[in-house]
Amino acid sequence: MYHGDFCYLAGGYMNIFLKKPNLLICVSLVLYSLLINTDYLYGSLAKYVYLYNIRNILTGSLLICLISFWMLNRKQVVFNKTMFYFIVLIFYMFFSLGVISPARGYGGEKFNGFLVSIFLGYMPFLFAYSYGTIIKFYKYLFVVNVLILALMFLINDLSTYTTDTRLIVGEINPIWLGRFFGELIILVSFFVKKEKFWFFKVLIISLLSIGILFTGSKGPFLSILIGAFIANISNLTENISITRALRFITKVTILAIGLILGVKFILLKLFSINYLANRFIVGNSETSYGDYSRSHLYKHALDYFYHSPIWGNGLGSFGYMLNGFDIRDYPHNIFLETLSELGLIGFIILIIPIYISVRRFYIYSKFDSRGYIKLTMCLFIYYLVNSLVSGDLGFSNSRLFLFIGILNYLFVLHTGKYPLSRNKDI
């Protein structure tokens, strides 16, 4: 292809985007949804195709899409306080990595993962998405999650799996698989609302719950309950009619009976008592890990924090201090990890945007007629609780920062200070 032909073709594509900016928004949403799920895509397809660089490829594509959007639309980038604190935290992490950390290998990997996580969380601010675009993003995410779930079980052989071992699909860690099932439970609960699909909804949620049991992961169940409670706690201040109260009592009664029957006729048929006791009784599961149990790791993290409480021991230093060399290791609790590696300075910077988000939720949730603030809050709390028992500050907890970013963007839309709620994009 000649240079002139290439320029003509590129100009043609740019002209399409100029005439149809919605197309660029849709492309960004597809890339956005896929990038969030790169670990699941990679893990599902690892036996068949090498996709280790898929995150970098999708991140680069999304950046190109963002730059094109800025050039073609010249929209104002929206800014808020939580974004400022995360930018400060990024600079502090960079300082910690370069000046303090003895583990620049894992520290650098963690820094890059955190940087991508914040970029994903604040994409709506950079693209100045409308409320309609956020709704469409959640629909894209739901569809992509369902497709990935189908992909997981269609191309991976599970015939050798037994109910006495934890479920592993491809190269996906059982903990992350349990988180994925939990997120799907929340999305199914939100999107499948029609009464005629009630049985289908209950069936899907039941199957996903059994899937979590197969993974042997305790965190998702507790996280869903806490997330749902906090996201709907504002309803407790409203006047509840007798009819609504009776409906609620009836639903709780049916659920309780269903759980009892499910345990007796399904759960105890699928799983052995020993498996359930070892995986879901905290004392048993802690004992099985020995010196690498969560309680031991938490104790080490606190000891390292006491060693350098103000500045911390450096980004990525936990594994180095525990093992004596640069290795990817962490206490499976982002608060203790932050205290250990970034000290009180990093911990305070991290806590402030979380506190701001929770406080603002109770202000704006009463205006949430379509439920997307509550959905986002539920997902944010779900991943916040999960981050206290697994994962690190890198990309493994990216969904926590994704939903804190979207939550704060929804707050901006509801303030009415920006002409973004007019639903012009899509």
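In this text, all values refer to a predicted model and were calculated from it rather than measured experimentally.
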Side chain of Y409, backbone of Y129: donor and acceptor closer than 3.5 Å? yes
Is the count of non-hydrogen atoms from other residues, nucleotides or ligands lying under 6.0 Å from F191 atom CZ greater than 12? yes
So, do Y330 and F318 have ring centers that fall under 6.0 Å from each other? no
Measure up the H414 and Y364 rings against each other and bin them: parallel (under 30°), tilted (30 to 60°), perpendicular (over 60°). tilted
In S223, S387, S390, the residue satisfying side-chain hydrogen bond (donor to acceptor under 3.5 Å, both in side chains) with R179 is S390
Assess K139 against F137: is NZ or CZ under 6.0 Å from the centre of the six-membered ring, and within 45 degrees of the ring's axis? no
Hey, can you tell me if F403 and Y138 have their rings parallel, tilted or perpendicular (30° and 60° cut-offs)? parallel
With no hydrogens and no angle check, do the side chains of S130 and T133 hold a donor and an acceptor under 3.5 Å apart? yes
Do any N or O atoms from the side chain of S340 and from the backbone of E337 form a donor-acceptor pair under 3.5 angstrom? no
Has the side chain of N112 got a donor or acceptor atom that lies under 3.5 Å from a matching backbone atom of G108? yes
With a 3.5 Å distance limit and no angle check, can you tell me whether K201 reaches the backbone of S189 through a side-chain donor-acceptor pair? yes
Can you confirm whether or not the ring centre of F114 sits under 6.0 Å from the ring centre of F401? yes
Aromatic ring pairing F125/Y122, orientation class (parallel under 30°, perpendicular over 60°, tilted between): tilted
Exercise: do S308 and N313 side chains pair donor with acceptor under 3.5 Å: no
H307/F305 aromatic ring centres below 6.0 Å: no
For the residue pair Y383 / E183, report whether a side-chain donor-acceptor contact shorter than 3.5 Å exists. yes
So, does S68 use its side chain to make a donor-acceptor pair with the main chain of I64 at under 3.5 Å? yes
Keeping the roles fixed (side chain from N333, backbone from F335), state whether a donor-acceptor pair exists under 3.5 Å. yes
Side-chain (Y40) to main-chain (W176) donor-acceptor, under 3.5 angstrom: yes
Flag for S101-Y106: side-chain donor and acceptor within less than 3.5 Å: no
For the backbone of V202 and the side chain of S206, can you confirm whether one donor and one acceptor N or O come within less than 3.5 Å of each other? yes
